[in-house]
> 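Mind looking over this structure? Questions follow.
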Amino acid sequence: MTTVLKTVDLRKSFGSLEIIRGLTLEVQQGERHAILGPNGAGKSTLFHLISGLLPSSSGSIWLKGQEITSLASHRISRLGLSRSFQITTIFPKMTVFENLRIGVMAKHHKRFSLKLASRQADIISDTDALIEQIRLESVRDNLAGDLTYSEQRALEIAMALASGGDVILLDEPTAGMSREESMYIVDLVRRVTEGKTLLLIEHDMDVVFSLADRISVQVYGEIIATGEPEAIRQNKRVQEAYLGEASS
Ligand SMILES: Nc1ncnc2c1ncn2[C@@H]1O[C@H](COP(=O)(O)OP(=O)(O)OP(=O)(O)O)[C@@H](O)[C@H]1O
């Protein structure tokens, strides 16, 4: 097993409030790893630290063996880490194709050696391949703002994939969805992360237990347990801290 992403004794304070409190996490290459935890546990903050959106107060973060703790987010992205946001980040007045083309262009602009014309042809075919992958061909030229909620979330996931990263961070991709919509997203996430590494924040137990190879439980800024779904389900500390609370 190769560790692809790691945090070591990570801490983050906002003023005098410590939100991430010595958090150590290891994500293995190729796994789908879910972070489960109650509201306010600091899960989104953890993603902001890993993706370079916020600086950490102390501790370290490693991607593919390279320390990324103080790197800017665009440099972390270039090393192969892609993320989606809990808040919708698509452009509503642009079409599905135009939205995705922005992400794809970011990837292609790294390859300066290519001639402009062939680069543009590549951008179009990569964008269409992505649209096919998320099965939004029928709404390719519709404005993103006119899509259904679950289609918008699918587009958002595709935006995270567009930059071509092989370590994908998704923050609550099924938030606010019906059961049917959630299962559509679960199926989509499973397909599009095939062969990649996924770190996923998710509240929905059914989603977590059907998608994750391993689960880490985050409570008050710390990981209190990591393991395979069944071991997490049986873990007494987890039951007391989270699962008990969730089912009450
Ligand atoms: N920029 C900030 N300044 C001050 N406090 C913040 C900031 N960002 C987050 N917090 C606080 O940190 C705590 C953790 O927030 P965070 O969004 O990381 O939790 P979460 O586990 O993702 O919660 P949820 O499941 O509700 O999204 C919250 O109490 C929040 O108010």
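Everything numeric here is computed off the predicted structure, so don't read it as measured data. Atoms within a ligand are numbered from 1 in the order they appear, just like the ligands themselves.
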> What I want to check is whether the side chains of E156 and S84 have a donor and an acceptor closer together than 3.5 Å.
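Note: E156 and S84 side chains miss the donor-acceptor criterion.
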
> I need the atoms of ligand 1 closer than 4.0 Å to a non-hydrogen atom of T45, numbered in the order shown.
9 (C), 15 (O), 16 (P), 18 (O)

> Using distance alone, decide if ligand 1 has a nitrogen or oxygen within less than 3.5 Å of any nitrogen or oxygen in F14.
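No, F14 has no N/O under 3.5 Å of an N/O on ligand 1.
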
> Answer whether the closest heavy-atom distance between the side chains of R135 and D187 falls below 4.5 Å.
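Contact flag for R135/D187 side chains = yes.
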
> Under 3.5 Å, is there a donor-acceptor pair between the side chain of Q239 and the main chain of R233?
yes

> Check whether any heavy atom of G40 sits under 4.0 Å from an atom of ligand 1.
yes

> Are R83 and F47 in a cation-pi setup, meaning NZ or CZ lies under 6.0 angstrom from the ring centre and within 45 degrees of the ring axis?
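Ring-cation test returns no.
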
> Looking only at heavy atoms of H203, does any of them come nearer than 4.0 Å to an atom of ligand 1?
yes

> Please state which part of I19 comes within less than 4.0 Å of ligand 1, counting heavy atoms only: side chain, backbone, both or neither.
side chain

> Identify which one of K43, E26, H33 satisfies the side-chain hydrogen bond (donor to acceptor under 3.5 Å, both in side chains) criterion when paired with S216.
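Exactly one candidate clears the test, H33.
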
> Pairs of nitrogen or oxygen atoms closer than 3.5 Å, one from G42 and one from ligand 1: do any exist?
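Among all N and O atoms of G42, at least one is under 3.5 Å from an N or O of ligand 1.
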
